[in-house]
Structures are given as C-alpha cells and as structure tokens.
Amino acid sequence: MKKIALLLCFAALPAWASVEADLAAARAGSPTALSAAQASARGSALESYPQYWQLARNLDAVSAAEVQGFLSRNPDSALAERLRLEWLKKLAKYGFWTEFATEYAKLAPAARDEDVQCSDTLRRFKQGEGEALTEARGRWATGRATPAGCTALFDALANSGKLSEAEVWRRVRLQLTAGNLNTARAVSQFTSSPLSAGQLSAPNLSDTASKAGQEAALFAIQKQAKAELGTAAAQLANVAGRLDAHDVGYGWGQLALVAAKKQDMVSALAWFDKADPAQLSAEQWDWWGRAALRQGRWDTVLRVTEAMPEASKNNQNWLYWRGRALKARGKGGEANPLFARISQFNGFYGLLAREELGTSIGESPARFAVAERDVVAMGQTPSVQRALALFGISTRLGLPEFREDARREWRFAMRGASDEKLLAAAEVARQAGFYDMAIYSADRTERLHDFSLRYLSPYRDITHRYANQLDVDEAWIYGLIRQESRFVHIARSGVGASGLMQLMPATAKWVAGKIGLGSFSVNEIGTNIQLGTWYLRHVFDRLDGNAVMATAAYNAGPGRARAWQANEPLEGAIYAETIPFTETRDYVQKVMANAVHYAANFSSGYQPRLKERMGTIPAR
C-alpha cells in the first residue's frame, strides 16, 4: 500500500506553526493566549478546543445556554462528551435533578463514569425508585475510595434509615481492610456503637464486648499479619471464642490472603479452609486458587475454581487452570470444552489453551488486507483528523498533554467501529507514527485481523542490530517494548522510567557506564534500545538464562524475581500466575505472549510455543 498523506493540509501552511503555539499557550492556561487561540484556530480541525478550555475552566460561572451552545455546535464529538460529563457533575452538585436527568440520558453509556452513575442512582433514590435502592446497596458494599457523587449517594443512603446495622458494619469492615480509617470511623457513626479514635490507634487493646471492639480486634490482627503471620494467627485463635463464627471466618480469610501473597502457600491453604466462603472477595478466591496451583494440589484447584463466583470462574485464567486440573485427573474430555472457550483469544491464556488442544485449533488468523480507499476515508473523519492534529502538536512541540488529547479523540472515533474500519484506522495511525493508537485499533478487531498492525515492529533495523550484538531474542525485545511503551519513544511513567524500554534514570546511567557511553539522551530511540537491550541481557544472565524470571526482573527487580521462586522446580506459567504484584504478573504474561506473536511475524520457520517459552523455573 502506497504512503497516504495525513490529510491535514492546514498543517503544511506556515501559519499553522503560530496556531500550534497559540494552542499550546492556551492549553497551559494563559488567558490571553486563549483568546488568540480561538481566533487563530477558527476554521481548523481544532477550532473547538480553545472554546472547550474556556468553558471547562469556568464551569461554575458559565450559563446553561453557553454549555448547550457548545454541545449543539459540536455534536457527536469527544469534547462535547467531556463537557456534558463535567456539566452533569455540576448539576448533581447543586441538586438540579431535572436538568441532570435530561443530560444524563444524552450521555453515551460508555462515557458515564462512576461519579455520574452514582449521581443518577442518587436522583432516582430520592424519587423513591426501588431499583435505585438496590443499586445503592450494591455500591455501598465496597472498600474502594469513591468519588463525590458516590459519597453523596452513601450519605443519603446512610441517613435514610434503610440500611441495617449489619450492612453498615460490613462497609466499616471493608474500609478498615482497605486502610481507609477515617472513612471507616465516619461510617461507623451510623451504628449504635461507633468506632473511637483510640480503638483505631491501638486496635489490639480493644474490648471485644462491643461490635466496635470486635471490628477493631479483627483490624489489629490484619495489621499484625503484614508484619508477622504466625503472631497474627495466634491472636485470631486467642480471640476466636469471643467472636461469632462469621467474624472468625472473615479473619481467617484475611490471614489466608496475606499468607498467599507472601507465598506461604501451606499456611494460606490451611487458613482458606477455615475461612467463610460467603465473605471471600474475588481477590481472595484468586489467591486460594493460586496457592493450590503453587503447591501442585490439582484437586484443590478444581474444587476452588468450581466454587468461585461466576464472574471469577469465567475469567480466562481460571477456565484454563480448571481445564488443567481436569486433565490432571484424567478428564481431558471435560477439559477440552473449557480450553476451546478461550482458544479464540490471542493473549496468554488463549495461546496456552490452543496448545493444550494441539492442532485442532489453528494458529493466528490470516491477515486481512484493508483497502486503500478505506484508509483514505478513515483519515478524513473529523475525530481522526483532530486526533492527528493534536498528535502532531505533541510530537513537534514535545507536549505530552496534547498526546493524551489525541488519544482521547482516537478512542472516541473507534467506539462502535467495524473490524474493517478499525484496521483502516490502525493503518492511518501507523503511517502517522501514532503507534500506540495503531495497536489500540488493531487490538479491538473480533473477526478480521492484521497481526502486523496488532504487533507493530517499528525501529526494526536498530532493534535487530542490538539483538544480534547481545544475542537476545528479538521477538522477546519487541514483546517487552510493546508492553512497556506501545512504541511511544517519549513515554514517561509515573515513577520516572523513560523511553521505549522504560528505563529508570539510575539504571540508564549505570548501563551507560558499563558500556562506555558518555553523554546520552535516554529518550533517543537508538540509545534507549541499546541501553534497554543490554540491561535485559544482564538480568537474563543473572537469572540463569531464564527469560520468564528476567522479564519479571525487568519490571520488579532481580531480587524479587528470585524471591518468587519456589523450593522446587515450578512450571513457568504457574510462576507467572502466582507473582504477588498484579502489575508484574500481568506484565510477564503479556510480554511472553507478545513474544510468541512477534516470532510468528518475523519468521516462517519453527518458533517455540508459549509453554516452551515459559519453561520451568528452577528451585530457589
């Protein structure tokens, strides 16, 4: 397919540079630049942006007519959706419920965040809807921090007198477990014996004669478990006679979760057996299954995965492991339908399931070649043009906030798109160098696929050179880069990691010293790949040439990767499943699955399957 222009003709004009400068200054908050940007951007793809900034920054002062004017001038757009969302929050804040209901109905369900969903439930709760009460009760039973709309809903629910004291204590318990002590104490005020400041500051001294004292005692045991499990278990056993069975079962479930995350799987399994299954969270069910996997107790894996709540039971990982447990018991005929259910997916567990099924399920689907006319048409759609214009500003001026605006426009444009349109969009993004959104679009297809777009490989000449020099699997490097940065070479994480391979400053400096590199820019593409590949080889060598452990080490450090080994050899997929850090567990699985797809793209010859790549993790 020949190169297609970005269809942003105005960007080629000398005047566009001044428009970009005005927009950048306006985006940064300059009031004078805002007026200049409104004038200079008029007639361009980004005309609505300075208008949106002016309204969004002064939402408490603007009139409903001004907001409605913007919404009517910019229908079916990402900015209109964002403004309507923020306007809804203002309407809810001031109790303008009639206007709220009208605007909420106009907001696409995909755009309704938790805040406005709670506000809508509150509106209907105030009107006496029984379904709203059920929804409010469901939201009440959470330990997460919640936005303003949910806080208002919970206040109304608690003050309504429609909650039992047991329901109130349930939320207190969840908040204590989550470490939200101020919220827990505030919620407890709706009970007959609220928690005191003293009970939370010294919970181990609490008198268990009251419900508040009992909850404080359970909280003290959970705190102790993080420091020393044995002592916590002894405390729970000691206080068990003064608590009801329901509370004791909750305590054992909490200790079991901590033990499993510390990879004391023997204790975890013993304590999960003492827990109250009705009070286990999805996370606890997951770790019960993982503890059994780690110990090779396939009967327990089967029992736990069959008893899990439906939402957990039908996750890809537990369908796969339940299938493996059935096979371990000689029930391959029952296992294969489970593998077949997830074999349609191309991620970690989908690939493993295909391998369990052998040749009965094909490899990655054939490439669908998108027509050039469809690529041109996609490049001319307003949201895509806005996304590319914003991406251009971000690239030329080095402003990541414009890149996020571009991503938002792009994601809006992809909503509800057919496979053909998604692949056309992916090709537009690839040609523009907007690689993360090319992957985003190609990843969303369901029937038609192009794995060369889904698993892009830009900068191949550079990566190939350093992979050969250091004898590192090129597919593995690409699998890691795809997960780390989606090929955004100026990517910077919240903890300061930079570039395609997301190197921490200290790591980059240390590697540069090792290879004799003087002054360097960590975001320069060639330098970042050179440093990152050298470091990947380094951790690979330190960890006995084990790619799975090296991948874990790249994300979480070599010390942790070693600490997660078992006392005996462990199947690589089980090692990955039982990594206690959610981010690292997901990272390892995705990097290794990515490597399988990249290897298939790079070579027509035999390439190791995922289970081979995962291999066996040696004993600690």
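FYI, side chains are in, hydrogens and waters are out, and symmetry mates aren't considered; it's all heavy atoms of this structure.
Few gaps surround CZ on R112; more than 12 heavy atoms of other groups in view lie less than 6.0 Å from it. Enclosure of atom CZ in R562 by more than 12 non-hydrogen atoms of other residues, nucleotides or ligands within 6.0 angstrom is indicated. No more than 12 heavy atoms of other residues, nucleotides or ligands sit less than 6.0 Å from atom CD of E568.
With respect to R430 and E427, a salt bridge is recorded, a charged nitrogen being found less than 4.0 Å from a carboxylate O. A salt bridge does not link D264 to R294: none of the charged side-chain nitrogens sits closer than 4.0 Å to a carboxylate oxygen.
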List the atom pairs, with distances to 0.1 Å, where a side-chain N or O of residues 217-224 and a protein N or O form a donor-acceptor pair under 3.5 Å, not counting sequence neighbours.
| unit_1 | atom_1 | unit_2 | atom_2 | d |
| --- | --- | --- | --- | --- |
| Q222 | OE1 | T177 | OG1 | 3.2 |

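N601 and H597 share no donor-acceptor pair across their side chains, judged by distance under 3.5 Å alone. Checking S498 against R492 by side-chain atom types alone, a donor-acceptor pair falls below 3.5 Å. Counted by atom type alone, Q279 and R173 present one or more donor-acceptor pairs between their side chains at under 3.5 Å. N314 and R341 share a donor-acceptor pair across their side chains, judged by distance under 3.5 Å alone. Side-chain contact of W410 with S441: a donor-acceptor pair under 3.5 Å is present, judged by distance alone.
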W564 vs F581, test: ring-ring contact (aromatic ring centres under 6.0 Å, His included). Steps then yes/no. CA-CA 10 Å; W564 297 332; F581 293 179; 5.3 Å; yes

In sequence, state the C-alpha distance, the side-chain angles, and the governing distance for H246 and D276, and then conclude on side-chain contact (heavy atoms from CB on, under 4.5 Å). CA-CA 7 Å; H246 180 80; D276 177 8; 3.5 Å; yes

Please determine whether salt bridge (charged side-chain N to carboxylate O under 4.0 Å, His left out) holds for the pair D419 and R444, giving the CA-CA distance in whole Å, both sets of side-chain angles, and the decisive distance to 0.1 Å. CA-CA 8 Å; D419 285 358; R444 294 170 68 83; over 6 Å; no

What do the steps show when you test R465 against D461 for salt bridge (charged side-chain N to carboxylate O under 4.0 Å, His left out), and what is the final call? CA-CA 6 Å; R465 180 168 73 251; D461 55 339; 5.5 Å; no

Under the criterion salt bridge (charged side-chain N to carboxylate O under 4.0 Å, His left out), I'd like the reasoning laid out for E404 against R411: C-alpha separation, chi angles, the key distance, then a yes or no. CA-CA 10 Å; E404 189 49 49; R411 289 191 291 262; 3.0 Å; yes

Pair L257-E283, side-chain contact (heavy atoms from CB on, under 4.5 Å): steps then yes or no: CA-CA 8 Å; L257 176 62; E283 182 183 28; 3.8 Å; yes

Test salt bridge (charged side-chain N to carboxylate O under 4.0 Å, His left out) applied to D299 and R329, step by step: CA-CA 8 Å; D299 283 352; R329 296 182 66 185; 3.4 Å; yes

Could you check Q254 against Q284 for side-chain contact (heavy atoms from CB on, under 4.5 Å), going step by step and ending with a plain yes or no? CA-CA 8 Å; Q254 293 303 313; Q284 286 170 304; 3.2 Å; yes

May I have the step-by-step check of side-chain contact (heavy atoms from CB on, under 4.5 Å) for I462 and I525, ending in yes or no? CA-CA 8 Å; I462 300 170; I525 292 167; 3.9 Å; yes

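Here the straight-line distance linking atom CE of M592 with atom CG of L352 works out to 10.5 Å at 0.5 Å rounding. With rounding to the nearest 0.5 Å, the separation of CG in D473 from OG1 in T533 is 11.0 Å. Residue Q469 holds its CD atom at 7.5 Å from CD of Q530, rounded to the nearest 0.5 Å. To the nearest 0.5 Å, atom OG1 of residue T578 and atom CG of residue L293 are 7.5 Å apart. Going from atom CG of L531 over to atom CG of L536 covers 12.5 Å, rounded to the nearest 0.5 Å. Annotation: the span from L326 atom CG to K331 atom NZ amounts to 7.0 Å, rounded to 0.5 Å.
In this structure, M614 and K611 have side chains that are not in contact, with every pair of non-hydrogen atoms separated by 4.5 Å or more. Side chains of K590 and D586 form a contact here, defined as non-hydrogen atoms less than 4.5 Å apart. Using a 4.5 Å cut-off on side-chain heavy atoms (C-beta onward), T616 and L570 make no contact. Using a 4.5 Å heavy-atom cutoff, the side chains of R367 and H449 are not in contact. You'll find the side chain of D471 reaches within 4.5 Å of the side chain of R537, heavy atoms only. Using a 4.5 Å heavy-atom cutoff, the side chains of Y440 and R407 are not in contact. Under the 4.5 Å side-chain criterion, counting only non-hydrogen atoms from C-beta, K262 is not in contact with P580. Residues N346 and R354 form a side-chain contact, since some pair of their non-hydrogen atoms from C-beta on lies under 4.5 Å apart.
Both tests hold for K274 against W252: distance to the six-membered ring centre under 6.0 Å, angle to the ring axis within 45°. Cation-pi contact between R454 and F451: present, with separation from the ring centre below 6.0 Å and deviation from the ring axis of at most 45°. Both tests do not hold together for R324 against W321: distance to the six-membered ring centre under 6.0 Å, angle to the ring axis within 45°.
The salt bridge (charged side-chain N to carboxylate O under 4.0 Å, His left out) test applied to R486 returns no partner, not counting sequence neighbours. The side-chain hydrogen bond (donor to acceptor under 3.5 Å, both in side chains) search around N315 returns none, not counting sequence neighbours. Partners of R137 according to the salt bridge (charged side-chain N to carboxylate O under 4.0 Å, His left out) rule, which considers only residues two or more places apart in sequence or in another chain, are E167. Applying the ring-ring contact (aromatic ring centres under 6.0 Å, His included) criterion to W534, with sequence neighbours excluded, gives W510, H538. For Q589, the side-chain contact (heavy atoms from CB on, under 4.5 Å) partners at least two apart in sequence or on another chain are F348, Y349, A576, E577, R585.
Closest heavy-atom contact between G572 and I617: CA-CG1, 3.9 Å. Across all their heavy atoms, A491 and Q502 have their closest contact at O-NE2, 3.1 Å. Between K313 and W318 the shortest heavy-atom distance is O-CB, 4.1 Å. Contact between A335 and G323 at its shortest, heavy atoms only, is CB-O, 3.2 Å. Residues I342 and A353 share a closest heavy-atom pair of CG1-CB, 3.5 Å. Taking every heavy atom of both residues into account, K261 and W287 meet most closely at CE-NE1, 3.8 Å.
Aromatic pair W285/F272: centroids not less than 6.0 angstrom apart. Y455 has its ring centre no less than 6.0 Å from the ring centre of Y478.
The closest donor-acceptor contact from the side chain of R170 to the backbone of A141 lies at 3.5 Å or more, if one exists at all.
Screening Y535, Y554, W476 against F540 for a ring pair (Phe, Tyr, Trp, His ring centres under 6.0 Å) leaves a single residue, W476.
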